[in-house]
Every structure is written in C-alpha cells, then in structure tokens.
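Read the structure below first, then the notes.
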2 protein chains.
Amino acid sequence: MARLPVAERRRRLLAAAFTVISRVGVAGATTRAIVDEAGMKLASFHYAFASREELLAELVGDVIGRTEVVLAVPPRDGESLGQLLERGLLRYLDTVREAPERERAMFELTQYSMRTPGLEGLAARQYEGYRALAAASLTKAAERTGCAWQRPLDELAAHLVALTDGLALAWLADADDTRAHRTAAFAARALAAESRPLTVPPRPLGEPPRPLADPSRSLTEPSRPLAPTPAPPTRPGEPA
Amino acid sequence: MARLPVAERRRRLLAAAFTVISRVGVAGATTRAIVDEAGMKLASFHYAFASREELLAELVGDVIGRTEVVLAVPPRDGESLGQLLERGLLRYLDTVREAPERERAMFELTQYSMRTPGLEGLAARQYEGYRALAAASLTKAAERTGCAWQRPLDELAAHLVALTDGLALAWLADADDTRAHRTAAFAARALAAESRPLTVPPRPLGEPPRPLADPSRSLTEPSRPLAPTPAPPTRPGEPA
DNA sequence: CGGCGAGTGGGTCAGATGACCCAGTCGCGC
DNA sequence: GCGCGACTGGGTCATCTGACCCACTCGCCG
C-alpha cells in the first residue's frame with residue numbers, strides 16, 4: 001500500500017465503507033470488511049480513525065453533502081409544472097432502480113444515526129439537507145413553467161421529501177415499477193396542486209377578485225373565521 | 001423458569017425480540033439479549049428456534065399481522081373527506097410520536113428482510129399488508145363522507161402508504177411536530193383531490209356533461225389523444 | 001406410582017470483531 | 001544524503017456471539 005496522507009486515507013476509507021454498507025448493511029461493515037474493500041491493512045484503519053464509530057459518524061455527515069439533485073431534469077417546451085415534476089420524480093425513481101443498494105444504504109445510515117447516541121442531530125441535519133435540495137428543485141421547476149407556489153417553499157420541500165421517501169421505500173420493498181410510476185404521477189399532481197400560474201388567466205367577467213380562501217390551509221385546525229362560516233356542506237376535502 | 005410448551009415459548013421469545021429490537025435495533029438483538037428480555041436461559045432459545053435467523057424470519061412474518069389500523073377515527077358530522085383523512089393521519093402520527101421505537105423497529109425489520117436472502121418476499125408481503133389496511137381505511141372514509149374515489153382503490157392505497165411512510169420517516173428524523181402536521185394536512189388534501197362527491201352537485205346550465213378529461217391520468221405519459229390536442233397552453237399541472 | 005421424555009440449566013467452543021501495539025520502513029526536509 | 005518521524009505491516013488480546021452439548025429434573029401417562 002502506497003503511503004498516503006491521512007486525509008486521503010480517510011476519504012478512501014469512507015468511500016469503501018459506503019460501498020460495504022451498500023452491499024451488506026451497516027452491521028456487516030466491520031473494520032476488516034472496510035479495509036479489505038479499500039485494500040488496506042487493519043492498522044491503517046485505526047491510524048486514520050480512532051474507532052469504527054468515528055468513521056460511521058463522519059460517514060453520516062459526509063453523505064449529506066454527497067446527495068445530488070437528481071430531481072432536476074431539463075424542461076421541455078410547453079410543459080406544465082405537473083409534468084415537469086413527474087419527470088423529475090421518475091428520474092429519481094430511475095436512480096433508485098439503478099442502484100437500490102445505494103438507496104438502502106442511505107436509509108440504513110439515517111437509521112443508524114437516529115439510534116446512535118450523539119448522532120441523533122445528524123439525522124435531522126440530513127433531512128434538512130434533503131429539504132434544501134427539494135426546495136431548490138421546486139423553485140427551479142416553478143420558475144421554468146411560469147408558476148408560483150402557494151405555500152412556503154420549505155413546507156412544500158418537506159412534502160416532496162416525504163413523497164420521495166415513501167416512493168423509494170415502497171419500490172425497494174416490492175420493486176413494482178407500475179405502482180411506483182403511478183405514485184410518482186400522484187405525487188406530481190399533489191404538488192402541482194399547491195401552485196398557481198403566474199400569468200393570471202383572465203378572470204370571467206362579473207366574478208369578484210375574491211382571494212379564494214387559501215385552499216391549502218389545514219382542513220381540521222379551526223381556521224380563524226374571517227367570516228363566520230356555517231357548517232360546510234358535505235363535500236370532499238378538495239379546495240373550494 | 002416455569003415449564004412452557006414450545007409454542008408459548010416461541011411466542012414470548014418473539015415478543016421479547018421485538019422489544020429488544022425496538023430498544024437497540026436488529027443488530028443489538030443478540031440471542032442473549034433476547035432471552036434476557038424474556039427471562040429465559042440461552043438453551044431455551046435454541047430449544048424453541050433452530051437459530052437466531054429463524055426467529056427473525058418468523059418475527060418479520062408476524063409483524064405483518066400485528067399492524068393495526070390506526071388511521072381509523074370516528075367520523076364527525078358534516079366532516080369532509082379531507083378533514084377525516086387529515087384526522088386519521090394525525091392520529092397515526094400520534095402513535096408514531098408515542099412509540100417512536102416501535103416505528104423504528106418496523107422500518108428496521110423491513111430493511112432486514114429486504115437485505116436477507118430468502119426474506120425479500122416478506123418485505124413485499126409486508127407492504128401488501130400495509131396497502132390492504134390503507135385500502136380499508138380509504139374505503140371507510142369515502143363512504144362515511146359520501147364520496148367516491150376516482151382511481152382504483154389499490155392505487156390510492158399505495159399512495160397513502162407512501163405518504164405515511166414518508167411522514168413517519170421525516171418525523172423520526174427531526175421530531176418536528178409542526179412540519180409533520182403540515183405534511184399530514186398536505187397528504188389529506190392530495191388524497192381528497194382524488195375523490196369526488198357521490199351526490200353530484202347540480203351542474204351549471206349550459207355546461208355540457210363532458211367527462212372532464214381524467215385529471216388523474218399520468219401527466220407525462222402520452223395520453224391516447226381522443227381528440228388531437230394542440231400544444232397545451234403553459235399552465236400548472238393542475239387538472240383543468 | 002414409577003419411569004420416561006419433554007423441557008431446563010449451566011457450561012463450552014469456535015469464530016468474528018474492535019482495539020491496539022510495536023518493530024520496522026521509507027520519503028521529506030534539512 | 002541522511003536521519004527522523006510519519007506511515008505501514010503483521011501480529012495479539014479481550015470480548016462478544018451463535019451454536020450446541022449433556023446432565024438433570026419433574027410432570028404426565030400408562
């Protein structure tokens with residue numbers, strides 16, 4: 001083994017650890033398996049890291065940055081926001097299908113950090129990172145299709161993260177492409193419903209410019225009655 | 001230790017195993033930790049189960065049935081489908097908040113079965129079970145609020161499962177109640193948007209009874225053009 | 001009511017694993 | 001060009017873990 005600066009060695013060990021975890025899970029990522037993957041000797045491990053725990057903690061932190069924006073897809077002409085979102089989600093799904101182990105490894109690392117004393121915060125930060133990525137994607141998608149979001153961006157980002165998580169988890173469990181595609185379409189629909197076109201379509205004459213009661217407010221929380229609202233007629237929960 | 005029939009011993013060991021897994025994860029669920037939790041001796045373990053693997057396999061299978069319908073909530077008068085769904089989701093969220101370890105254990109067991117040769121099928125069956133529960137909840141919710149679903153039930157059930165998974169995962173990561181509540185509201189909205197009231201509201205005069213192009217079809221897949229559709233105007237992905 | 005076998009208890013064993021030690025070696029700075 | 005110290009290699013050690021063994025006990029059946 002060539003002589004490497006510690007920093008580089010740490011980097012390689014981290015990469016090897018992720019590979020091993022992808023293949024056999026966190027439990028199977030023993031120090032020996034990791035150095036084996038990296039083509040090193042066991043002593044080098046403890047030269048670079050004080051302990052296996054330290055490596056895993058670093059890895060969890062690292063992984064946050066390693067996540068790329070896979071949702072971003074080149075927009076097409078005349079494409080609606082919903083369509084763009086759906087293609088983005090399908091693209092994400094493709095990356096999951098291509099490398100399911102990678103995705104599994106991510107989930108497992110999150111779980112590891114949630115369960116390990118001292119690392120709980122990292123799981124939260126990881127999700128913070130996901131939301132930031134989601135927010136960026138949502139912003140770009142909206143401006144590319146001439147739309148505006150009707151809710152705070154970070155809120156919608158949280159929803160998108162939940163949707164992608166659910167989507168990935170379900171696919172990992174049963175590998176059902178058809179079902180996953182349908183759920184992706186549903187997710188796109190659901191998110192697009194939280195937007196409005198920026199170019200306000202001409203309002204039909206006579207219709208007052210009512211600010212159409214925020215359709216995305218909680219459906220159960222008692223909304224401060226701006227005007228006393230009588231018991232609403234039996235209707236599905238869709239916005240007025 | 002009292003003398004127990006094997007069946008009972010197995011049951012107790014399974015319960016103890018789940019408890020241990022909730023506390024310390026699958027990796028920490030060693031045979032010793034399990035028998036300790038159950039108040040038995042190690043030998044009893046191998047008397048009841050051939051191996052730790054056999055117990056875990058059985059546990060994964062068991063867990064499928066153990067899941068209850070927590071989404072079901074008593075309906076209130078004049079409540080919309082969306083409101084009912086949101087309350088159901090919030091109730092689910094409450095169970096997660098009350099026993100996060102339980103939920104974590106479930107996720108971990110799923111992951112274990114996905115990763116263990118011979119148990120992959122169990123993960124799929126587990127999700128099948130989840131979908132069945134979701135479908136039952138959705139049916140009940142719709143009929144209680146006088147609504148009908150506009151998409152096949154099992155499809156919507158898959159969406160609901162994805163949403164609850166994403167919701168739970170996010171909450172487990174950051175324990176942010178506010179965010180989780182908002183996502184629950186979003187999920188309820190999104191699902192309710194896939195329904196329609198059964199009592200058809202009187203159609204405005206002059207508006208033909210057009211079957212308003214299925215709003216829930218995929219937004220990207222080329223829909224067989226019933227009528228040649230020119231490039232759609234730039235609009236958000238929301239249904240016409 | 002006596003024996004037999006299902007069930008129990010305590011111990012053992014081999015292998016895996018995290019940690020870490022120490023004698024070397026070899027590249028870099030002087 | 002050379003010495004020093006950052007790095008490497010090949011061990012060792014204590015501990016944990018799954019598996020399993022065998023002598024014993026005690027409730028039930030005949």
Side-chain angles (χ1 to χ4, degrees), chain A residues 1-60 105 108-109 112-113 115-119, chain B residues 1-60 105 108-109 112-113 115-119:
Chain A
M1 200 59 219
R3 290 172 106 74
L4 295 172
V6 191
E8 172 62 15
R9 193 169 288 278
R10 282 170 77 99
R11 212 169 308 132
R12 292 197 194 179
L13 281 171
L14 285 171
F18 190 81
T19 305
V20 173
I21 290 175
S22 298
R23 198 166 46 234
V24 291
V26 172
T30 65
T31 52
R32 282 169 237 266
I34 294 170
V35 296
D36 224 51
E37 175 71 30
M40 299 180 193
K41 298 291 175 174
L42 194 47
S44 302
F45 185 101
H46 283 98
Y47 186 78
F49 291 97
S51 69
R52 175 179 180 266
E53 255 190 53
E54 188 187 304
L55 174 136
L56 285 177
E58 191 121 335
L59 184 56
V60 174
E108 242 179 281
L109 278 173
Y112 171 81
S113 68
R115 199 181 277 298
T116 308
L119 264 55
Chain B
M1 201 60 223
R3 292 174 104 74
L4 295 172
V6 191
E8 172 63 13
R9 193 169 289 276
R10 285 170 74 98
R11 212 169 307 131
R12 290 198 195 179
L13 280 171
L14 285 170
F18 191 82
T19 305
V20 173
I21 290 175
S22 299
R23 198 166 46 234
V24 292
V26 172
T30 65
T31 52
R32 281 168 237 266
I34 294 170
V35 294
D36 224 52
E37 174 72 30
M40 299 181 192
K41 298 292 175 176
L42 195 46
S44 302
F45 185 100
H46 283 99
Y47 187 78
F49 291 96
S51 68
R52 176 178 179 266
E53 255 191 53
E54 188 187 305
L55 173 136
L56 285 177
E58 191 121 335
L59 184 56
V60 173
E108 243 179 282
L109 278 174
Y112 171 81
S113 68
R115 199 182 276 299
T116 308
L119 263 55

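Protein chains get the first letters and strands the later ones, always in sequence-line order, with residue 1 at the start of each. Here the structure is a predicted model, which is why all the values come from computation and not from measurement.
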Interatomic distance, [X] [atom1] vs [N] [atom2] [rounded to whole Å]:
| X | N | atom1 | atom2 | value |
| --- | --- | --- | --- | --- |
| B:R9 | C:dA6 | CZ | P | 15 Å |
| B:R10 | C:dG7 | CZ | C1' | 15 Å |
| A:M40 | D:dG11 | CE | P | 20 Å |
| B:F45 | D:dC20 | CZ | P | 12 Å |
| B:Y47 | D:dT25 | OH | P | 18 Å |
| B:D36 | D:dT17 | CG | C1' | 14 Å |
| B:F49 | C:dG7 | CZ | P | 14 Å |
| B:E8 | C:dT8 | CD | P | 11 Å |

Nearest-0.5 Å distance that lies between atom CG in B:L119 and atom CG in B:L56: 8.5 Å
Nearest-neighbour nucleotide for the B:L42 side chain, D:dC20, C:dG9, C:dA19 considered: D:dC20
N or O in side chain of [X] less than 4.0 angstrom from [N] OP1/OP2:
| X | N | result |
| --- | --- | --- |
| A:T31 | C:dT17 | no |
| A:K41 | D:dG10 | yes |
| A:H46 | C:dA19 | yes |

5' priority, DNA chain C, between A:A50 and A:G28 [closest heavy atom]: A:G28
Residue pair B:I21 / B:L59, side-chain heavy-atom distance below 4.5 Å: yes
Contact check, side chains of B:R10 and B:F49, non-hydrogen atoms, under 4.5 Å: yes
Main-chain N/O of B:G39 paired with B:R12 side-chain donor or acceptor, under 3.5 Å: no
Residue pairs passing the side-chain hydrogen bond (donor to acceptor under 3.5 Å, both in side chains) test where at least one lies in residues 20-39 of chain B, sequence neighbours excluded: B:R23-B:E37
Nearest-nucleotide comparison on DNA chain D, the residue closer to the 5′ end among B:A43 and B:R52: B:R52
hbond_proxy B:R32 side chain to D:dG18 base (donor-acceptor, 3.5 Å cutoff): yes
